[in-house]
Amino acid sequence: MKITFEDPKLELIREKVMAGVRLSAEDGITLYRSHDILAVGWMANLVRERMHGNLTYFNVNQHINPTDVCVASCRLCAFGKKAKDPRAYTMSLEQVWETAGRGWTEDVTEFHIVGGLHPELTLDWYCEMLRGLKKRFPKVHLKALTMVEIAYLARRTKISYAETIQRLIDAGVESLPGGGAEIFAERVRRVICDHKIDGEEWLEVARTAHRLGLRSNCTMLYGHIENEEDRVDHLLKLRALQDETGGFVAFIPLAFHPANTALKHIPPTTGFDDIRNIAVARLMLDNVPHIKAYWVMMTPRIAQIAQRFGADDIDGTVVEEKIYHDAGATTSQSLRRSELLRLIREAGREPVERDTLYRPVTRSGAAFTILV
Ligand code: V47
């Protein structure tokens, strides 16, 4: 039976998707402009099932944000604070280790560690923090520091990106989270994050990390002042780097949360746009293995539906999330493993607990092993 799409502009794209042909920038714009969400989602689901069958991945992780002090004053951000701000915090090394221990159980397989650009914390401090975590929690994977934090530490230490990353690897970093990419278009960055490294530098840090053997995630912040061209340009730059290095593991579209930011006049994203971003990403990023519907950002309800619109991962237990909650997120700060399982099973998908690099984790009682 031939299915007819409501939006005739999608027919040519469907032919390409069915034949496994790479989509162009123009196709990306067409997908973003279409209101035929069922057709866009149908194609994304086809690709998702081609790549991952009926599986949806999740992990048992814990976020740690050692400091919210940040020298940048990005308009998009509600998390970063100036050092003098009475609300600002910076953990001591002992506090980081103690925070990690508080959320830790035998089940936790990943610490996701990101924070502000602190003017005084040195690369040595971060290395000591990482070594201390590895010593105390040797089985837990350290996914730590964004490209932005790495570029800042490199500049302050007056060493190259490669040397900075190598020191972090030696101290225990095993992969990098995907944050801080925002939108690569300079015109947009000037408004939302003018104190941050530019898009080319973000990509250069990622390229260097991949060359040194680290895998990383990648993200795109949408729902502020960007347009469809900016979104497609961003996705194509990630796709081009992935062609070169193969180092990205997952892409996470991040919906802008305006509350408590300098851009609070911008309305929050809609469920329609959240779902569309998942689907278009799955279709455009044909070389990135996983598309993550991050439940903290899109709510567990939308993340659940996203599993039928291109996403194959709903992220993890998280434990304590600050960046989105400072920006007004009303989702809970953590989900139990059993809740993640229910969200996946009720969408008719088969849950697979994964480690950071998407190897299945099997458990028997409290102990667990990672199948390689
Ligand atoms: O880097 C900051 C963004 C990112 C706001 O790699 C905001 O597995 C929306 O990167 N509204 C942090 N977004 C989150 C992130 C992430 C999350 C989950 C998993 C992974 C991963 C990465 O959130 C920041 C920035 O891009 N952000 N402020 C805001 N007001």
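A quick note: this is a predicted structure, and the numbers were derived from the prediction, not measured. Just so you know, ligand 1 is whichever comes first in the structure, and atom 1 is the first atom listed for that ligand.
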Q. Can a salt bridge be assigned to the pair Lys9 and Asp36 using a cut-off of 4.0 Å between side-chain N and carboxylate O?
A. no

NZ/NE/NH1/NH2 to OD/OE distance under 4.0 Å, Asp273 and Arg231 | yes

Heavy-atom proximity to atom 25 (C) of ligand 1 ranks first, among Glu182, Met147, Glu321, His290, for Glu182

### Query
Asn217 to ligand 1: N or O pair under 3.5 Å?
yes

Checklist entry - Can Glu229 and Arg33 be counted as an ion pair, charged N to O under 4.0 angstrom? => result yes

Out of His63, His112, Glu110, Lys143, the nearest non-hydrogen contact to atom 8 (O) of ligand 1 is supplied by Lys143

Heavy-atom gap Tyr294 to ligand 1 smaller than 4.0 Å
yes

Is there a polar contact, in the sense of an N or O pair closer than 3.5 Å, between Cys77 and ligand 1? no

Does a side-chain N-to-carboxylate-O contact under 4.0 Å join Asp326 and Arg87? no

Contact (N/O only, under 3.5 Å) between Leu76 and ligand 1: yes

(message) With a cutoff of 4.0 Å, is Met297 in contact with ligand 1, counting heavy atoms of the residue only?
(response) no

Should we say atom CZ of Arg342 is surrounded by more than 12 heavy atoms from elsewhere, each under 6.0 Å from it? no

- Query: With only distance considered, is Tyr324 within less than 3.5 Å of ligand 1 through an N or O on each side?
  - Reply: yes

Considering distance alone, does some N or O of Gly178 sit under 3.5 Å from an N or O of ligand 1? yes

Presence of salt bridge, Arg239 and Asp243, under 4.0 angstrom = no

